[in-house]
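A note on names: the letters A, B, ... follow the listed sequences, proteins ahead of strands, and every chain is numbered from 1.
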2 protein chains.
Amino acid sequence: MERSTRQRRAIREAFLEAGRPLSPQEVLELARKKVPSLGLATVYRNLKNLLEEGFLVPVALPGEPPRYERAGQAHHHHFLCRACGRVYELSGCDLALTHLPPGFLAEAHEVTVYGRCPQCYSQAG
Amino acid sequence: MERSTRQRRAIREAFLEAGRPLSPQEVLELARKKVPSLGLATVYRNLKNLLEEGFLVPVALPGEPPRYERAGQAHHHHFLCRACGRVYELSGCDLALTHLPPGFLAEAHEVTVYGRCPQCYSQAG
DNA sequence: CCTAACTTGAGAAGAAATTTTCATCCTCCT
DNA sequence: AGGAGGATGAAAATTTCTTCTCAAGTTAGG
């Protein structure tokens, strides 16, 4: 049966506390604040578990390695800060799919906004 | 100085004739119709050249390997067929960026629509 | 507290995409 | 046509990300 370990708790808490999509590397860095000895293999193993048990869902962004976020959220999109590389969740969706050519069937869509997050807004670059 | 070779012409023509973003593998397959001996390394080398000379621009889609399309086109987005994996260009843009949280600065955005292209619309799956 | 079994950490191994190497081929100037 | 140097193809090498291996550490039931 699945056990509760310090590592597993630290990884789960990283997502709860970050409130934004995290890459495996980001998970490692955040969870190491609680379990410094944490290894990357353990992060990958637990990400896989958390996906299987439905706690996380994958988030794909153009040209970016996969990230993961809390499952069960309402339809939303993402913001990628070009300065720090962090991804944020944007609520709502203003997309109207009216211009599809004939014969195309839309089943889903994703919107990615690029720019500067508040922490990077005033910095050089 | 840069020479005009059969391979180089075949690769350039593949983009002109396809009229949609192509992955390196797709370029290889299309250009091999004209130059069957074409190798993948040559495709990569020439993609790099065509990017540098401004004939192509990279197209990144969520969770997809990079593709390339003709440079200099108007603002547009992309459609990814879930059945055949081909990417198409969608004209226009119905996105209104009104819901950014305070402190976020939007510089660009990308929209990806997923679904079925006309060729795959009526097929099983 | 004990023990079986699950977990972990580190490094090796894989997988996938792209780049480099190098001998040979081809293009273009003369 | 001749020749210098860029271009090509195939395979090896890189790079990046993810998974596997295995000895050692931990957890949970008894």
Side-chain angles (χ1 to χ4, degrees), chain A residues 1-15 21-53 55-69 78 80 84-87, chain B residues 1-15 21-69 78 80 84-87 112:
Chain A
M1 126 250 65
E2 189 164 280
R3 293 177 181 176
S4 173
T5 65
R6 286 179 308 138
Q7 291 85 343
R8 196 157 284 174
R9 286 190 295 275
I11 290 170
R12 196 183 299 256
E13 286 164 12
F15 282 99
L22 300 176
S23 66
Q25 274 299 331
E26 286 177 314
V27 173
L28 181 66
E29 286 153 25
L30 291 174
R32 271 189 171 168
K33 291 177 180 173
K34 296 176 177 174
V35 183
S37 67
L38 184 64
L40 187 53
T42 298
V43 171
Y44 277 104
R45 274 188 293 246
N46 280 292
L47 286 177
K48 193 182 229 177
N49 290 342
L50 293 170
L51 285 167
E52 283 171 3
E53 64 188 62
F55 179 77
L56 296 178
V57 291
V59 176
L61 291 146
E64 291 283 312
R67 289 173 171 75
Y68 303 89
E69 70 182 12
H78 297 96
L80 172 61
C84 65
R86 281 191 283 248
V87 174
Chain B
M1 130 245 65
E2 189 165 281
R3 293 177 181 175
S4 173
T5 65
R6 286 178 309 138
Q7 291 85 345
R8 198 157 284 175
R9 285 190 295 276
I11 291 170
R12 198 182 299 255
E13 285 164 14
F15 282 99
L22 300 176
S23 66
Q25 274 300 330
E26 287 177 315
V27 172
L28 180 67
E29 285 152 26
L30 292 174
R32 271 189 171 167
K33 292 177 180 173
K34 296 176 178 176
V35 183
S37 67
L38 183 64
L40 187 54
T42 299
V43 171
Y44 277 105
R45 275 188 291 247
N46 279 292
L47 287 177
K48 194 182 228 177
N49 291 342
L50 293 170
L51 285 167
E52 283 171 2
E53 64 187 61
F55 178 78
L56 296 178
V57 292
V59 176
L61 291 151
E64 290 285 311
R67 289 173 171 77
Y68 302 90
E69 70 183 10
H78 297 96
L80 173 62
C84 66
R86 281 191 283 251
V87 174
T112 308

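Summarising the geometry of A/V43 relative to A/P24, their closest heavy-atom pair is CG1-O, 3.7 Å, with the distance given to 0.1 Å. Of all the heavy atoms in B/A10 and B/V35, the pair that sits closest is CB-CG2, 3.8 Å. Across every non-hydrogen atom of A/E26 and A/P21, the tightest pair is OE1-O, 3.7 Å. Contact record, B/H78 with B/V87: CB-CG1, 3.8 Å, taken as the closest heavy-atom pair.
Note that the CZ atom of A/R32 and the CG atom of A/L38 stand 6.0 Å from one another [nearest 0.5 Å]. Note that CD1 of B/I11 and OH of B/Y44 are 12.0 Å apart. Values are rounded to the nearest 0.5 Å. Here the CG atom belonging to B/N46 is positioned 11.0 Å from the CD atom belonging to B/E52, to the nearest 0.5 angstrom.
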Restricting both atoms to N or O, compile the protein contacts to nucleotides 24-27 of chain C shorter than 3.5 Å, with distance only.
| from | atom 1 | to | atom 2 | distance (Å) |
| --- | --- | --- | --- | --- |
| C/dT27 | O2 | B/R3 | NH1 | 2.9 |
| C/dT27 | O2 | B/R3 | NH2 | 3.4 |

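In terms of position along DNA chain D, the nucleotide closest to B/R8 lies nearer the 5' end than the nucleotide closest to the other residue of the pair B/R32 and B/R8.
For the OP1/OP2 pair of C/dA17 and a distance below 4.0 Å, the side-chain nitrogens and oxygens of B/Q25 include no atom meeting the criterion.
Listed by residue number, B/P66 are the residues of residues 61-68 of chain B with a heavy-atom contact under 4.0 Å to DNA chain C. Near DNA chain D, defined here as any heavy-atom distance below 4.0 Å, the residues from residues 35-50 of chain A are A/A41, A/Y44, A/R45, listed numerically.
In this structure A/R12 satisfies the side-chain contact (heavy atoms from CB on, under 4.5 Å) test together with A/L50, A/E53, A/F55, sequence neighbours excluded.
Residues B/R9 and B/R6 form a side-chain contact, since some pair of their non-hydrogen atoms from C-beta on lies under 4.5 Å apart. Using a 4.5 Å cut-off on side-chain heavy atoms (C-beta onward), A/V27 and A/F15 make contact. Looking at A/Q25 and A/L40, their side chains come closer than 4.5 Å, going by heavy atoms from C-beta outward.
Taking atom CD of A/E2 as the reference point, atom P of D/dG29 lies 14 Å away to the nearest angstrom. Following rounding to the nearest Å, B/L28 (CG) and D/dA10 (C1') show an atom-to-atom distance of 13 Å. Rounded to an integer number of Å, the gap from B/E26 CD to C/dT18 P is 12 Å.
From one end of the helix from C/dC1-D/dG30 to C/dT30-D/dA1 to the other, with five pairs defining each end axis, the axis direction shifts by 30° (rounded to 10°).
Under the side-chain contact (heavy atoms from CB on, under 4.5 Å) test applied with B/Y68, the options B/L51, B/V57, B/L22 reduce to a single match, B/L51.
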Show me, pair by pair, the donor-acceptor contacts under 3.5 angstrom made by side chains of residues 59-66 of chain B, not counting sequence neighbours?
| from | atom 1 | to | atom 2 | distance (Å) |
| --- | --- | --- | --- | --- |
| B/E64 | OE1 | B/R67 | NH1 | 3.0 |
| B/E64 | OE1 | B/R67 | NH2 | 3.1 |

